[in-house]
Amino acid sequence: MKRVYEPIAYGLDPIKDCFWTTTVQKQSWPTLDRDLSCDVVIIGAGYTGISAAYHLAQDGLDVCLIDAQYPAFGASGRNGGFCCLGGTMADDRILDHRYGKDGRRAYHACEAAAVDLVQSLIGDLHLNVDRHSKGETIMAHRPKDAKSLSQPDLSCQENYGVSSVYHDQDELRQLGLHAGFHGARTLPIGFGLNPQKYAYGLLSAAQSLGVRVFANSPAQAIDGSTVSANGHQLKAQKIIIATNGYSSEDLVPWMRSRFMPVQSSVLVTRPMSQEELDAQGWTSDQMAYDTRNMLHYFRLMPDRRFLFGMRGGIFATPKAEAKIKREIRSNFEMLFPKWSQVETEHYWSGLVCLTRSYLPYVGPIPNKNSIFTGFGYHGNGVAMATYSGLILADLVQGKTPRVPYPAALKTIPKRFPLGRFRRQLLRPAYAMMQMLDR
Ligand SMILES: Cc1cc2nc3c(=O)[nH]c(=O)nc-3n(C[C@H](O)[C@H](O)[C@H](O)COP(=O)(O)OP(=O)(O)OC[C@H]3O[C@@H](n4cnc5c(N)ncnc54)[C@H](O)[C@@H]3O)c2cc1C
């Protein structure tokens, strides 16, 4: 497989200390070791693939779900667990320009519907996912950001039909969200969850409906509607490619350069005592992120461990990984200085996926009647990838999706320049973002 990063990024090394893996039971899945046929083959067993498999099986279809490694190996098993709005880097001005006000509202409506979908799946399937937080809070890292956050937020009402609330520094203290931020705003949509418990809960529901799951079975080629993996043929009516940031350039030529994998890293501390939490003034389990372009995201989890994540890193080598690990720790200590003695027990990294349109693409691969794909959730795929999987399940059956499917999700992203070297584009982009964040 031709991929964008060094091989290490696609192996087990970046997740050897992933916290989530310690919270679920170890499982194993068979490897594809014979030819098979079914209605739909899904390539990639993250939220997109698992959700598509679950919804297709609910509709009575025979589904095979294969993964190059194992289910939830990719971003779905290693994310920050923010089930939140998002999926795009396009702001309202861009969305208005491209799709008009109605098109922009339609996109935002599906962001909120995506969070609702995860919520209903968790409820309907009785999944225990360590849920917490009422919406999410954006924290101003400079006084000028607090000033702009303090202005009335009309777009929240218009886009999501709910009101957001501004908090000044005094109120942040009372809320147990004190860490030197200059103000904040809470939007009451979204919640935190354990990403692996969610992924494996949904997967187990899909398997109980008959979905066949194969690990260590990388799709090597697609011919018509037949997928080759491990030297065997999977024949199907339809195929869904759900490989997102872990996609390769050569599985289908159309995908080449249309996705930009970007590294994101997370640390998790040991559980903290009440005294340690009080010392920092951060005692709330509200999930939060800051106003930086190179944003940090963080939340105090139900077991009193603190999760802290950020973007960064152009290379996936042991040396580059060690550097990012040092950087994330130093950013953590800069934002939460009273916890500088609190050890990092877990650290890992993974690939999120951007597109040139700044939006996810969910739909058919042009001129390939039988192949569909969903990718490009811009680091916010817990909800949006689940939603994309549901849309794909309907599209492969030739049905109008049962959930809103706005024009914004149907826009085919153009290719990035520089081919397999396109991650070099991130270097000036990151430098610019860091400058704007000062
Ligand atoms: C560190 C980190 C933190 C994040 N935090 C958040 C967050 O807090 N909130 C949020 O909403 N989103 C977050 N995200 C993003 C979110 O996790 C993703 O958008 C989402 O999981 C994407 O799901 P997916 O199923 O499309 O792709 P993935 O989960 O990446 O799955 C793709 C799968 O495809 C498989 N694959 C690739 N090629 C092949 C092949 N040829 N054959 C078979 N299988 C193949 C891979 O092995 C992988 O398992 C984060 C991501 C990272 C990396």
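What you see is a predicted model; the values in this text were computed from it and never measured. Start at 1 and go down the list; that is how both ligands and their atoms are numbered.
- Between D285 and K134, no side-chain nitrogen of the basic residue sits less than 4.0 Å from a carboxylate oxygen of the acidic one, so the salt-bridge criterion is not met.
- An N or O contact shorter than 3.5 Å links Y47 to ligand 1 by distance.
- Between the side chains of Q25 and Y200, no donor N or O sits under 3.5 Å from an acceptor N or O.
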* So R292 and D145, salt bridge (charged side-chain N to carboxylate O under 4.0 Å, His left out) or not? Walk me through it. -> CA-CA 9 Å; R292 289 177 173 85; D145 299 304; over 6 Å; no
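- In this structure, R423 forms a cation-pi arrangement with Y5, its terminal cationic atom sitting closer than 6.0 Å to the ring centre and no more than 45° off the ring axis.
- Note that R131 lies in the cation-pi zone of F191, set by a 6.0 Å cut-off to the ring centre and a 45° limit from the axis.
- R3 forms a cation-pi arrangement with Y10, by the criterion of a distance under 6.0 Å to the ring centre and an angle within 45° of the ring axis.
- The shell of residues lying under 4.0 angstrom from ligand 1, judged by heavy atoms, excludes G309.
- The distance criterion of under 3.5 Å between nitrogen or oxygen atoms is not met by L351 with respect to ligand 1.
- Ion pair R299/E136 not flagged as a salt bridge, since none of the NZ, NE, NH1 or NH2 atoms sits closer than 4.0 Å to an Asp/Glu carboxylate oxygen.
- Of the listed options D67, V352, N380, V352 places a heavy atom closest to atom 51 (C) of ligand 1.
- The nearest heavy-atom contact from the protein to atom 26 (O) of ligand 1 is T48 OG1, 2.7 Å.
- Listed by first and then second residue, the salt bridge (charged side-chain N to carboxylate O under 4.0 Å, His left out) pairs that reach into residues 185-206 are D130-K197, sequence neighbours excluded.
- For ligand 1, the atoms sitting less than 4.0 Å from at least one non-hydrogen atom of G44 are 33 (C), 34 (O), 35 (C), 44 (N), numbered in the order shown with element in parentheses.
- Ring geometry for F336 against F298 counts as perpendicular: the plane angle is over 60°, on a 0 to 90° scale with 30° as the lower cut.
- Residue-level proximity to ligand 1 for Y297 is carried by the side chain, the only part with a heavy atom below 4.0 angstrom.
- In Q220, neither the side chain nor the backbone holds a heavy atom less than 4.0 Å from any atom of ligand 1.
- Remark: the S264 side chain and the Y297 side chain contain an N/O donor-acceptor pair separated by less than 3.5 Å.
- Taking only nitrogen or oxygen atoms, main chain and side chain alike, A383 does not reach within less than 3.5 Å of ligand 1.
- Polar contact check, S349 against ligand 1: no nitrogen or oxygen pair lies under 3.5 Å apart.
- A donor-acceptor pair shorter than 3.5 Å cannot be found between the side chains of S155 and D92.
- The distance criterion of under 3.5 Å between nitrogen or oxygen atoms is not met by G350 with respect to ligand 1.
- Of all the atoms in ligand 1, the ones that sit under 4.0 Å from a non-hydrogen atom of R78 are 1 (C), 2 (C).
- Any N or O atom pair closer than 3.5 Å counts here, and C83 shares no such pair with ligand 1.
- In terms of N/O distances under 3.5 Å, ligand 1 is approached by A219.
- For ligand 1, the atoms closer than 4.0 angstrom to any heavy atom of T243 are 32 (C), 34 (O), 36 (N), 37 (C), 38 (N), 39 (C), 45 (C).
- With respect to atom 6 (C) of ligand 1, the closest heavy atom belonging to the protein is N79 CB, 3.4 Å.
- Residue contact check: A68 has heavy atoms under 4.0 Å from atoms 39 (C), 43 (C), 44 (N), 45 (C) of ligand 1.
- Take T23 and apply the side-chain hydrogen bond (donor to acceptor under 3.5 Å, both in side chains) test, not counting sequence neighbours, and it matches N194.
- The closest non-hydrogen atom to atom 1 (C) of ligand 1, taken over G81, S264, P360, comes from S264.
- With salt bridges taken as basic N to acidic carboxylate O contacts below 4.0 Å, one links R105 and E158.
- Of all heavy-atom pairs between L300 and H132, the closest is O-CE1, 3.5 Å.
- At under 3.5 Å, a nitrogen or oxygen of S76, whether backbone or side chain, sits near a nitrogen or oxygen of ligand 1.
- The protein atom (non-hydrogen) at minimum distance from atom 9 (N) of ligand 1 is F82 O, 2.8 Å.
- Between W29 and Y70, the ring planes are parallel. Angles under 30° get that label, and only those over 60° would be called perpendicular.
- Counting the atoms of ligand 1 from 1 in the order shown, those under 4.0 Å from a heavy atom of R3 are 37 (C), 38 (N).
- Residue-level proximity to ligand 1 for S248 is absent, since no heavy atom of it falls below 4.0 angstrom.
- The distance from ligand 1 to the heavy atoms of G80 drops below 4.0 Å at these ligand atoms: 3 (C), 4 (C), 5 (N), 6 (C), 7 (C), 8 (O).
- Of all the heavy atoms of M287, none lies under 4.0 Å from any atom of ligand 1, so neither backbone nor side chain is involved.
- Because its NZ or CZ atom is both nearer than 6.0 Å to the ring centre of F73 and within 45° of the ring axis, R78 counts as a cation-pi partner of that residue.
- Note: an N/O pair closer than 3.5 Å links V382 and ligand 1 by distance alone.
- Residue Y246 touches ligand 1 through backbone and side chain together, judged by heavy-atom distances below 4.0 Å.
- Remark: ligand 1 atoms within the under-4.0 Å shell around heavy atoms of G46 are 25 (O), 29 (O), 31 (O).
- Taking any N or O of V266, backbone or side chain, none lies under 3.5 Å from an N or O belonging to ligand 1.
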